[in-house]
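The next block holds one structure in the form of structure tokens; read it before the comments.
The residues of the chain are indexed from 1 along the displayed sequence.
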Amino acid sequence: RTDCGDIRIMNSALTVEMPYEVVSCDTSNQTGEIHFRANSISSSVDTTFYLYHNNVSDFPYEDDHTYGAETVWNNDYVVVYHMEEDPSAGSNSILDSTSNGLHASPNGSMTSGDLTEGKLSQGLSLDGIDDYLNIASDSALDLVNNGDWHVSLWTNWAGGGAAGHQYFVQQTDVGGT
């Protein structure tokens with residue numbers, strides 16, 4: 001299947017299927033980006049998983065299915081962005097893979113030309129002047145009151161930026177409290 005909807009990921013005993021998310025799939029070039037949630041990983045021996053494909057009777061799982069994308073990103077994840085979407089599509093066009101649905105809206109002078117090849121697949125090119133992604137206010141994003149948090153990203157830093165600095169994450173109080 002050209003949409004990689006026939007992929008299934010199993011544990012080494014072939015008894016447990018893993019939920020997965022296909023971020024990108026290029027069957028012509030045999031490349032893609034897939035994330036899956038392992039049921040367990042040993043700290044002392046190799047852990048084996050099997051990826052199956054080419055079963056024409058298998059179809060892609062819905063995101064909220066037991067083995068769908070939203071199950072990969074459990075409650076430990078507030079947002080997951082793969083930055084694979086065209087930023088010129090407007091409000092909420094950068095999709096959150098979690099069940100929280102905290103989609104981001106491109107701002108600044110972002111165009112479809114800002115969708116570029118990244119390290120794994122596609123990514124977004126921000127100009128360092130006025131491009132940024134905005135996420136609507138949500139209590140899940142309260143970085144001050146929600147305890148420990150972690151941000152992970154890949155970047156190709158070109159340096160500089162407006163006023164000589166750039167932010168990867170910034171929380172602002174727009175409510176005035």
Side-chain angles (χ1 to χ4, degrees), residues 1-12 14 16-42 46-106 110-128 131-135 140-141 149-158 166 168-169:
R1 295 179 54 105
T2 58
D3 64 358
C4 292
D6 58 340
I7 288 176
R8 299 296 183 260
I9 301 173
M10 304 289 290
N11 68 347
S12 60
L14 304 177
V16 179
E17 186 171 354
M18 308 293 138
Y20 69 93
E21 175 186 24
V22 175
V23 177
S24 63
C25 172
D26 182 344
T27 56
S28 297
N29 293 312
Q30 298 181 346
T31 62
E33 179 182 346
I34 298 174
H35 298 267
F36 73 95
R37 184 172 179 186
N39 62 334
S40 67
I41 297 178
S42 173
D46 290 345
T47 305
T48 302
F49 298 94
Y50 293 101
L51 185 145
Y52 291 94
H53 63 97
N54 286 337
N55 184 345
V56 295
S57 64
D58 283 339
F59 290 91
Y61 291 123
E62 295 293 327
D63 287 347
D64 61 353
H65 186 275
T66 302
Y67 303 115
E70 291 175 358
T71 308
V72 173
W73 311 108
N74 64 15
N75 291 339
D76 291 335
Y77 296 87
V78 177
V79 296
V80 173
Y81 300 113
H82 298 294
M83 309 289 185
E84 295 267 325
E85 298 82 20
D86 182 346
S88 69
S91 182
N92 294 324
S93 61
I94 308 303
L95 303 179
D96 173 18
S97 289
T98 72
S99 62
N100 295 324
L102 298 172
H103 307 309
S105 297
M110 297 185 77
T111 67
S112 58
D114 292 318
L115 186 61
T116 185
E117 284 300 313
K119 191 71 169 175
L120 296 175
S121 52
Q122 293 190 345
L124 291 177
S125 177
L126 307 177
D127 65 14
D131 288 357
Y132 67 95
L133 301 176
N134 185 58
I135 309 164
L141 298 171
W149 53 279
H150 173 85
V151 174
S152 176
L153 58 97
W154 288 50
T155 182
N156 183 9
W157 179 261
Q166 295 179 342
F168 289 115
V169 176

Atom of [X], atom of [Y] and distance for their closest heavy-atom approach:
X      : Y      : value
Leu133 : Ala104 : CB-CB, 4.1 Å
Met110 : Leu124 : CE-CD1, 4.2 Å
Gly90  : Pro106 : O-CD, 3.2 Å

Test item: [X] side-chain N/O and [Y] main-chain N/O as donor-acceptor pair under 3.5 Å:
X     : Y     : result
Thr71 : His65 : yes
Asp6  : His53 : no
Ser24 : Glu33 : yes
Asp96 : Val80 : yes

Step through the shown structure and confirm whether more than 12 heavy atoms of other residues, nucleotides or ligands are within 6.0 Å of [atom1] on [X].
X     : atom1 : answer
Asp46 : CG    : no
Tyr77 : OH    : no
Phe49 : CZ    : yes

Sub-4.5 Å side-chain heavy-atom contact between [X] and [Y]:
X      : Y     : result
Thr111 : Pro87 : no
Asp3   : Pro60 : yes
Leu141 : Val79 : yes
Asn11  : Met18 : yes
Ile135 : Tyr81 : yes

Checklist entry - When you look at Ser93 and Asp86, which way does the side-chain contact (heavy atoms from CB on, under 4.5 Å) test go after all the steps? => result CA-CA 7 Å; Ser93 61; Asp86 182 346; over 6 Å; no
Item to check | Step-by-step side-chain contact (heavy atoms from CB on, under 4.5 Å) determination, Val78 to Thr98 | outcome: CA-CA 7 Å; Val78 177; Thr98 72; over 6 Å; no
Item to check | Audit row: Val23, Ile34, side-chain contact (heavy atoms from CB on, under 4.5 Å) steps and yes/no | outcome: CA-CA 6 Å; Val23 177; Ile34 298 174; over 6 Å; no
Next on the checklist: Before you tell me yes or no, could you show the steps for Glu84 and Ser121 under side chain to side chain donor-acceptor pair (under 3.5 Å), namely the whole-Å CA-CA distance, both residues' side-chain angles and the distance that decides it to 0.1 Å?
Outcome noted: CA-CA 8 Å; Glu84 295 267 325; Ser121 52; 2.4 Å; yes
Inter-residue atom distance [X].[atom1] - [Y].[atom2], 0.5 Å rounding:
X      : Y      : atom1 : atom2 : value
Asp131 : Ser125 : CG    : OG    : 7.5 Å
Asn75  : Ser99  : CG    : OG    : 6.5 Å
Asn39  : Ile9   : CG    : CD1   : 11.5 Å
Arg1   : Thr27  : CZ    : OG1   : 11.0 Å
Met83  : Ile94  : CE    : CD1   : 7.0 Å
Asn92  : Asn134 : CG    : CG    : 9.0 Å

Next on the checklist: Using 30° and 60° as the class boundaries, would you call the ring planes of Tyr61 and Tyr67 parallel, tilted or perpendicular?
Outcome noted: tilted
Checklist entry - Can Trp73 and Arg37 be said to form a side-chain contact (heavy atoms from CB on, under 4.5 Å), step by step? => result CA-CA 8 Å; Trp73 311 108; Arg37 184 172 179 186; over 6 Å; no
Next on the checklist: Between Arg8 and Tyr20, is there a side-chain donor-acceptor contact under 3.5 Å, judged purely by atom types and distance?
Outcome noted: yes
